[in-house]
There are 2 protein chains.
Amino acid sequence: MAKTPKIPDPTIERLALYSRPLEALIESGSPLILSEKLAELCGVSPAQVRKDLAYFGEFGVRGVGYDVRTLLKEIKHILGTDRQWALCIVGMGNLGSALVENENFRKRGYIFSAAFDSDPEKIGKEMPCGLTIEPVNRIKELVRDFHIRIGVITTPPLVAQQVANLLIDAGIRAILNFAPIRVRTTDRCTVENVDFSVKLENLAYHLGTL
Amino acid sequence: MAKTPKIPDPTIERLALYSRPLEALIESGSPLILSEKLAELCGVSPAQVRKDLAYFGEFGVRGVGYDVRTLLKEIKHILGTDRQWALCIVGMGNLGSALVENENFRKRGYIFSAAFDSDPEKIGKEMPCGLTIEPVNRIKELVRDFHIRIGVITTPPLVAQQVANLLIDAGIRAILNFAPIRVRTTDRCTVENVDFSVKLENLAYHLGTL
DNA sequence: CCTTACATGTGTATAAGTTCACAAGGCACC
DNA sequence: GGTGCCTTGTGAACTTATACACATGTAAGG
Ligand SMILES: NC(=O)c1ccc[n+]([C@@H]2O[C@H](COP(=O)([O-])OP(=O)(O)OC[C@H]3O[C@@H](n4cnc5c(N)ncnc54)[C@H](O)[C@@H]3O)[C@@H](O)[C@H]2O)c1
Ligand SMILES: NC(=O)c1ccc[n+]([C@@H]2O[C@H](COP(=O)([O-])OP(=O)(O)OC[C@H]3O[C@@H](n4cnc5c(N)ncnc54)[C@H](O)[C@@H]3O)[C@@H](O)[C@H]2O)c1
């Protein structure tokens, strides 16, 4: 692993951000990108781009810019996106189903390897993507067998904590939680919460009483 | 509107966060909450909670704590969640359909008033929630008629910018964008981008090469 | 009515992150 | 091979945000 003196957390978030336009640039064939251009595409300052990248090495050429292909490869390596990650997901309702069908995750190396639900009606059903919905009591077994390290929670909020506990108990080390509740974990397990309503409330605030 | 000397942006985001446990506390009947307890529920420091709230007034009672009901009401007022907001959404695929069916938004005062798509197969279809999918060329008309101020984008990334332009042109002042691309706006319109892959990449980074 | 206890509200200190400004270094052209 | 141009990489200044520590105000109880 690259040596990490003390990387600001926002930097990591931005690295992921930078990779999007870079992917598009490769498609379009441009071999070179300047910090200024990349900054504009991502809505940050050029200095920010350079500083973020400099934490991890010298990826550019002074007076010239960054080689798009190399840069993307480096970023992907830093983020771990050059590997594949097995995911599991719990709660195959509307949102869960939308997620497993989405191509973007697979493209970036995130593979849904198991899907769980507690509803007897749903268990055993095969989804368009080919996965079969499994009962929650098989979490431990399948997490082990498929070497799953990341879990996604798309259950109702009331059971989200309980599900998180199951996942942690099964050896999951990172959780992406979509239920609008903060799930608690041990320090062996990282959590990212995604709460759309929070985003909306942000927007509403900025709109003011207008 | 409450006078706002200069509120840190993270504060706004946390206010929305605080409201979740408060809603639960009202259900469970607890009339009082301490900054320390609320902080724990939200994973922040007690001082942070107090400072955030103090930006907007004195909502607590020294030596006692905060009245849950009052506090929630104040937060909702600050965020604008005590009003109702009409939303429209463009791109009624898997994700879009999941969003309009979700109850949480309605509960918080966000009402999907119009849904748009460009697919002739989908236009005219009625969804379980009762909305009928409209063609994109009716955006301007319906945004005006329903006084819609917030737009949600759930189209493929390639057309997201184009859709954003349509929305802005129709008078939309705030956009919640789910397509994994940064959409550009005028300063008349705020944008919040939600990118799940960024969150996953964050998690993957923290897992390291493990 | 005064004293005690206690949690809030807040000025100040600390930390974190961003921008600035320029030195360092590579490329191309002469 | 030297010269000028251009963009990166980076230490320092600045800005923003968080944590600390205590003064402030309230309620309850004697
Ligand atoms: N749908 C959205 O657009 C959206 C948006 C934001 C947040 N969310 C949140 O995501 C979560 C899921 O939303 P949804 O719309 O898919 O809800 P949903 O009701 O369609 O799906 C929930 C699923 O979880 C399953 N489930 C319930 N208890 C379970 C348990 N103990 N173990 C395993 N599975 C269990 C249910 O059987 C169901 O299939 C909710 O917390 C919701 O608030 C959804
Ligand atoms: N599904 C997910 O879980 C998920 C997760 C993260 C991000 N996203 C992003 O959200 C977006 C939608 O995802 P999805 O899974 O619902 O995709 P989808 O393909 O199921 O739906 C896209 C919809 O947009 C419509 N559309 C296409 N061009 C349009 C246009 N010009 N105007 C109006 N509508 C148009 C299509 O007809 C389709 O109904 C994508 O950008 C995707 O990357 C989805």
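Here is the naming used below: chain letters follow the sequence lines, and residue numbers restart at 1 for every chain. Note that this is a predicted model, so its numbers are computed, not measured.
- Rounding to whole angstrom units, NZ of residue A:K6 and P of C:dG17 are separated by 9 Å.
- For A:I153, the side-chain contact (heavy atoms from CB on, under 4.5 Å) partners two or more places apart in sequence, or in a different chain, are A:T155, A:A160, A:V163, A:A164, A:L167, A:I175, A:N177.
- Under the rule for a side-chain hydrogen bond (donor to acceptor under 3.5 Å, both in side chains), B:R182 has no partner lying at least two apart in sequence or in another chain.
- By the side-chain hydrogen bond (donor to acceptor under 3.5 Å, both in side chains) test, A:E23 pairs with A:R108, sequence neighbours left out.
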Quiz item: Which letters describe nucleotides 1-7 of chain C, given B = protein heavy atom under 4.0 Å from base, S = only from sugar-phosphate, - = neither?
Solution: -----BB
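- Residue order along DNA chain C, read from the 5' end via each residue's closest nucleotide, puts A:D9 first among A:A47 and A:D9.
- Across the protein-nucleic acid pair, A:D67 atom CG and C:dC27 atom P stand 12 Å apart, rounded to whole Å.
- Contacts of A:D195 classified as side-chain contact (heavy atoms from CB on, under 4.5 Å), with partners at least two apart in sequence or in another chain: A:P180, A:S197, A:V198, B:R20.
- Contact of B:K51 with C:dG11 (side chain to base): a donor-acceptor pair of N or O atoms is detected under 3.5 Å.
- The distance between atom CZ of B:F56 and atom P of C:dT10, rounded to the nearest whole Å, is 14 Å.
- For the side chain to side chain contact (heavy atoms under 4.5 Å, CB included) criterion with A:I75, the lone passing option out of A:T81, A:D82, A:L53, A:L17 is A:L53.
- Straight-line distance from the CD atom of B:E36 to the P atom of C:dT8: 8 Å, rounded to whole Å.
- Counting only heavy atoms from C-beta outward, the side chains of B:K76 and B:L72 approach each other to under 4.5 Å.
- Every residue two or more places apart in sequence or in another chain that forms a side-chain contact (heavy atoms from CB on, under 4.5 Å) with B:R138 is listed here: B:F116, B:E134, B:P135, B:E141, B:L142.
- In the 5' to 3' direction, nucleotides of DNA chain D lying under 4.0 Å from heavy atoms of chain A begin and end at D:dC6 to D:dA12.
- Residues passing the salt bridge (Lys or Arg N to Asp or Glu O under 4.0 Å) test with A:R14 are A:D52, sequence neighbours excluded.
- For B:T186, the side-chain hydrogen bond (donor to acceptor under 3.5 Å, both in side chains) test picks out no residue, with sequence neighbours left out.
- Rounded to an integer number of Å, the gap from B:E74 CD to C:dG9 P is 11 Å.
- One axis for each end of the helix from C:dC1-D:dG30 to C:dC30-D:dG1, each built from five base pairs, and the angle between them comes to 0° at 10° resolution.
- Rounding to whole angstrom units, NZ of residue B:K37 and C1' of C:dT8 are separated by 18 Å.
- Scored by the side-chain contact (heavy atoms from CB on, under 4.5 Å) test, B:D169 finds B:K140 as partners (sequence neighbours excluded).
- With sequence neighbours excluded, no residue forms a side-chain hydrogen bond (donor to acceptor under 3.5 Å, both in side chains) with A:D145.
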